[in-house]
Every structure is written in C-alpha cells, then in structure tokens.
Amino acid sequence: IIALNPPIPLTTNLNPNTTTPTTTPSTTNALASSNNSNKKLVGRVSAGPIDISALGCGTWSWGNRLLWDYDPSQDEEIYDAYKAVRDAGVTVFDTADSYGTLDLNGRAEILLGQFERRYLLEEPTPGTETEGGVAGFINQFLPNPTPNRSQGQQVATKFAPYPWRVFRSSMVNSAKESLARLEQDKLALAQLHWSTANYQPFQERALWEGIADVYDEGLCEAIGVSNYGPLQLQKIADYMTEREVPLATAQIQYSLMTFKDCRDMNASCDSIDCRLISYSPLCLGLLTGKYNLDNLPKFGNPRRQLFQELLPGATPILNTLEVIAKDMGKSQSQVAINWAIAKGTVPIPGARTLQQAEENLG
C-alpha cells in the first residue's frame, strides 16, 4: 500500500514480484489530516513492553567514510536532518557501537547524544507542537501521537559480536561504553548486531547471557536483535522468556529488493510479539531512483560494484516505483518507505541532510 496525501480515492498495491502496480478501493477515511495543521507527526507503535515511533532514523552513515563519505564538517547539516525528524515525532534512532570508520568508531552515538541535548535546549520550530500523522497514512491505524517534545529520544544501539567479546560481561561493558558516548543513563533498546551461530557458536550463548545481563542491570528498557533469521529468533526468544527479559524488536534488511528472502520474518515476529524493524528500506540508496549504470557511486565506494550487479535485475521494480511515484506526486523513496510501513514494519531510513529527512517523512 502506498501512502498518499488526502483526499485520494484509491490506494495502490505494489507486488514486489510483478512489474505492474494494481489499485484497489481505499479503506474508509484511510488517510487522515492532522488537526487542520499542515505539520505532521509520526504515530507510535508497540514494541514488546515499550512503544516507539512508527518511523525511525538510521545512523549508519554518521561517521562512515567508506560507504557514505562522511566528514565531521557535515555535522551541522546532519543536525538539521535530526531536528526535522524529531520535530516530526521520530524518537527511535538506530545506531551501533561500531558505527564510524577507524578513528571515528562510535561517532554516531556521540552525535546522537550531542544532538538530543542541543535539541532539548532549543526553542521548538513554530508549528511543530500540534498532533498529526506523517504522510497522512500511519496515524489512521495507530494511537494518536503526542506533541513532538513530550516523547524523548529513544536510542537503539547494536553491539557487535567482535571475536574478543566471548564473555557475557563484554556486553555489559559495551553497553556502559555506549552510554558514556551518549552521555545518557539508559538505552531504549540494547541489540545484538548479528548472530555468531553459524561461525562461532560457542560465542552465541555468551552474547545472549550478556545482553540479558544488560537488561537486568537496568541499562536498557528492552533488548532486540539484528540480522537474525526465524529459527535463531525463536531460540533467543525462548531463552529470554526463561530469563524474563523482554525481546522487543528484530531488525533485518527489509525492502522491495529483499522481500523474497525475508517475508517469513513477519510471521516469526508476530508469533513472539516482537516488532519487526526494516533497515535499509531504500537498499543502500538503490531504490531512490537516483542511480543507474551511467550514474553510480564514486570509484572506491563498495556500493558502486554492488549497484552494478543489482541494477540490471532491479529494473522492473525501479520502473514500477517510477510509475507510481509520478502518478501519486511522490518520490520513489517515499513509495519504497511506505511499502515497508504497509508491510507492518518500522522502517529506519538514514538521513544526513534536511532534504533527505523531509523526503523520508513524506
């Protein structure tokens, strides 16, 4: 389902396995306005015992020189993007203790802490104090959002299972280090970045024990996992149930480009009452429509080779996105993000500029 601004008589179903969009009658009043205000706020959804914004923001690019050409001189521009999504009601920010290249390791967490402190000190942007719903779509199906500054920042940090993190205490120490970079007392979500079951299985149990200890020590509100498949997700869910630790989220690379391989995760998350988070909903930028074989990321960027391999096969999807976006007066990014929302996930597209932030918000 593609999110549109009201009033629109039809919603659009985008089947990722076909090249042609189809239309069906819309649900009654499916697209809500926001208290007669042009300003929109993102709604909220449950994630285990906590609630989070229905749209998040990823920070992978904040500090990453290799893939995203980050430079500290961009920080002010990144803050503008941060402020825009916070004003819109986005509270959940996905990050990791490994985000940042070499000497900038942990940079994303540092910036998140700095940005939130600055944001809370500044006067609200005029017109952002009212309630509403991003892109007119989300809030029809969610509880009414609250004014933007009544909901605090929610940091969801992932801890990398480095080879030397083989003891459960490693996770607790990692959480404390992340909190020190953030200059905060508690994480919303402490997440395992990926599973080691397939290549270092003995480490996996220590990671589970350690992330549960992070919760028991009061360093997070709930825990989550990243890059876990259905089988391993069920196993860790069973363990956390024994430990009485809430497993609130599971995130995977979930987009129109990857749906064929990840569609089973929706049911898996539903079965354990876990919220599915979709990272890279734009497939590293491929689904934005900004790239083709004649316009690729610069030489030396790993995305260049990846896009060269993916673009020929992605043509049907990209053509479909282009048609729908043009027909509905939206960008291809907005269509792709709202597809992920319609699939019941919480997308966390990245944003480093105000333009990117505003486009993500619809």
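Remember, it's a predicted structure, so these values are computed and weren't measured experimentally.
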**Asked** Below 4.5 Å, heavy atoms only, C-beta onward: do Leu66 and Asn301 meet side chain to side chain?
**Response** no

**Prompt:** Under 4.5 Å between any side-chain heavy atoms of Phe93 and Val85, yes or no?
**Reply:** yes

**Gln153 side chain to Tyr82 side chain, donor-acceptor N/O pair below 3.5 angstrom** = yes

**Prompt:** Which atoms form the tightest heavy-atom contact between Val90 and Arg86, and what is the distance?
**Reply:** O-CD, 3.2 Å

**Asked** How about Gln355 and Glu359: does a side-chain donor come under 3.5 Å of a side-chain acceptor?
**Response** no

**Request:** Without swapping roles, check the side chain of Gln191 against the backbone of Thr249 for a donor-acceptor pair under 3.5 Å.
**Result:** no

**Asked** Do Ser271 and Gln234 have side chains that get closer than 4.5 Å, going by heavy atoms?
**Response** yes

**Message:** Show the nearest heavy-atom pair for residues Lys330 and Gly362, with the distance to one decimal.
**Reply:** NZ-O, 3.2 Å

**Prompt:** Parallel, tilted or perpendicular: which fits the ring planes of Phe259 and Tyr254, with parallel below 30° and perpendicular above 60°?
**Reply:** perpendicular

**Item:** Over 12 non-hydrogen atoms of neighbours within 6.0 angstrom of CD in Glu309
**Value:** yes

**Prompt:** Just by distance, do the side chain of Asn292 and the backbone of Asn295 share a donor-acceptor pair under 3.5 Å?
**Reply:** yes

**Prompt:** Just checking, any donor-acceptor pair under 3.5 angstrom between side chains of Glu209 and Tyr239?
**Reply:** no

**Message:** What I'd like to find out is whether the side chain of Trp68 reaches to under 4.5 Å of the side chain of Arg303, using heavy atoms alone.
**Reply:** yes

**Message:** I need the full list of side-chain hydrogen bond (donor to acceptor under 3.5 Å, both in side chains) pairs touching residues 96-113, with sequence neighbours left out, sorted by first then second residue.
**Reply:** Arg65-Asp103, Tyr70-Arg107, Asp75-Arg107, Asp97-Arg165, Tyr99-Lys158, Glu109-Thr157, Glu109-Ser178, Glu109-Arg181

**Asked** Under a 4.5 Å side-chain heavy-atom rule over Ile, Leu, Val, Met, Phe, Trp and Tyr, are Leu111 and Leu67 clustered together?
**Response** yes

**Request:** State the CD1-CG distance between Ile337 and Asn360, to the nearest 0.5 angstrom.
**Result:** 4.0 Å

**Request:** Using modelled atom types only, decide if a donor and an acceptor are shared between the side chain of Arg44 and the backbone of Asp51 within a distance under 3.5 Å.
**Result:** yes

**Message:** Nearest 0.5 Å, please: how far is OG1 in Thr196 from CZ in Arg205?
**Reply:** 12.5 Å

**Prompt:** Where the side chain of Ser53 meets the backbone of Thr91, is there a donor-acceptor pair that is under 3.5 Å apart?
**Reply:** yes

**Prompt:** Quick one: CH2 on Trp339 to CD1 on Ile317, what's the gap to the nearest 0.5 Å?
**Reply:** 8.5 Å

**Asked** Is any side-chain heavy atom of Leu182 closer than 4.5 Å to a side-chain heavy atom of Leu187?
**Response** yes

**Message:** Does either side chain, that of Glu77 or that of Thr353, offer a donor lying less than 3.5 Å from an acceptor on the other one?
**Reply:** no

**Prompt:** Backbone N or O of Ala340 within a donor-acceptor pair of the Thr345 side chain at under 3.5 Å?
**Reply:** yes

**Message:** Do Met171 and Asp213 make a side-chain contact, defined as non-hydrogen atoms from C-beta onward lying under 4.5 Å apart?
**Reply:** no

**Prompt:** Quick one: CG on Asp294 to CG on Leu311, what's the gap to the nearest 0.5 Å?
**Reply:** 10.0 Å

**Request:** Look at the side chain of Arg304 and the backbone N and O of Pro297, then say whether any donor-acceptor pair between them is shorter than 3.5 Å.
**Result:** yes

**Message:** Checking the side chain of Thr258 only, and the main-chain atoms of Gln253 only, is there a donor and an acceptor separated by less than 3.5 Å?
**Reply:** yes

**Fill in**
When every non-hydrogen atom of Arg275 is compared with those of Gly344, the smallest separation belongs to NH1-O, 3.7 Å

Side-chain donor-acceptor contacts of residues 215-224 below 3.5 Å, not counting sequence neighbours, with atom names and distances?
residue: Asp216; atom: OD2; partner: Arg243; partner atom: NH2; Å: 2.8

**Request:** Flag the pair Ile211 / Val245 as yes when at least one side-chain heavy-atom distance between them is below 4.5 Å, and no otherwise.
**Result:** no

**Complete:** residues 298-320 vs ring-ring contact (aromatic ring centres under 6.0 Å, His included), sequence neighbours excluded, gives Tyr291-Phe307

**Message:** Less than 4.5 Å apart, side chain to side chain, heavy atoms only: is that true for Leu276 and Lys343?
**Reply:** no

**Request:** Can you sort out the partners of Glu242 under side-chain hydrogen bond (donor to acceptor under 3.5 Å, both in side chains), two or more places apart, ordered by chain and number?
**Result:** none

**Complete:** Between Leu354 and Ala81 the two heavy atoms that sit nearest each other are N-CB, 4.1 Å

**Item:** Tyr162, OH atom: more than 12 neighbouring heavy atoms under 6.0 Å
**Value:** yes

Sequence neighbours excluded and cut-off under 3.5 Å, please list the side-chain donor-acceptor pairs for residues 279-289, or say none.
residue: Tyr279; atom: OH; partner: Asn227; partner atom: OD1; Å: 2.5
residue: Thr288; atom: OG1; partner: Gly285; partner atom: O; Å: 2.7
residue: Thr288; atom: OG1; partner: Lys290; partner atom: N; Å: 3.2

**Item:** Closest heavy-atom pair and its distance - Ala47, Ile52
**Value:** CB-CD1, 4.0 Å

**Prompt:** Distance from Ile78 atom CD1 to Glu76 atom CD, nearest 0.5 Å?
**Reply:** 10.0 Å

**Message:** Please enumerate all residues that pass side-chain contact (heavy atoms from CB on, under 4.5 Å) together with Gln232, with sequence neighbours excluded.
**Reply:** Ser195, Ala197, Glu204, Trp208, Tyr228, Lys235

**Message:** Quick check against the 3.5 Å criterion: does Asn338 have a side-chain atom that pairs as donor or acceptor with the backbone of Gln334?
**Reply:** yes

**Prompt:** Do Leu361 and Tyr119 sit in the same hydrophobic cluster, where Ile, Leu, Val, Met, Phe, Trp and Tyr count as joined when their side-chain heavy atoms come under 4.5 Å apart?
**Reply:** yes

**Closest heavy-atom pair and its distance - Leu55, Pro347** = CD1-O, 3.6 Å

**Message:** Distance check, rounded to the nearest 0.5 Å: Gln251 atom CD versus Cys269 atom SG?
**Reply:** 11.0 Å

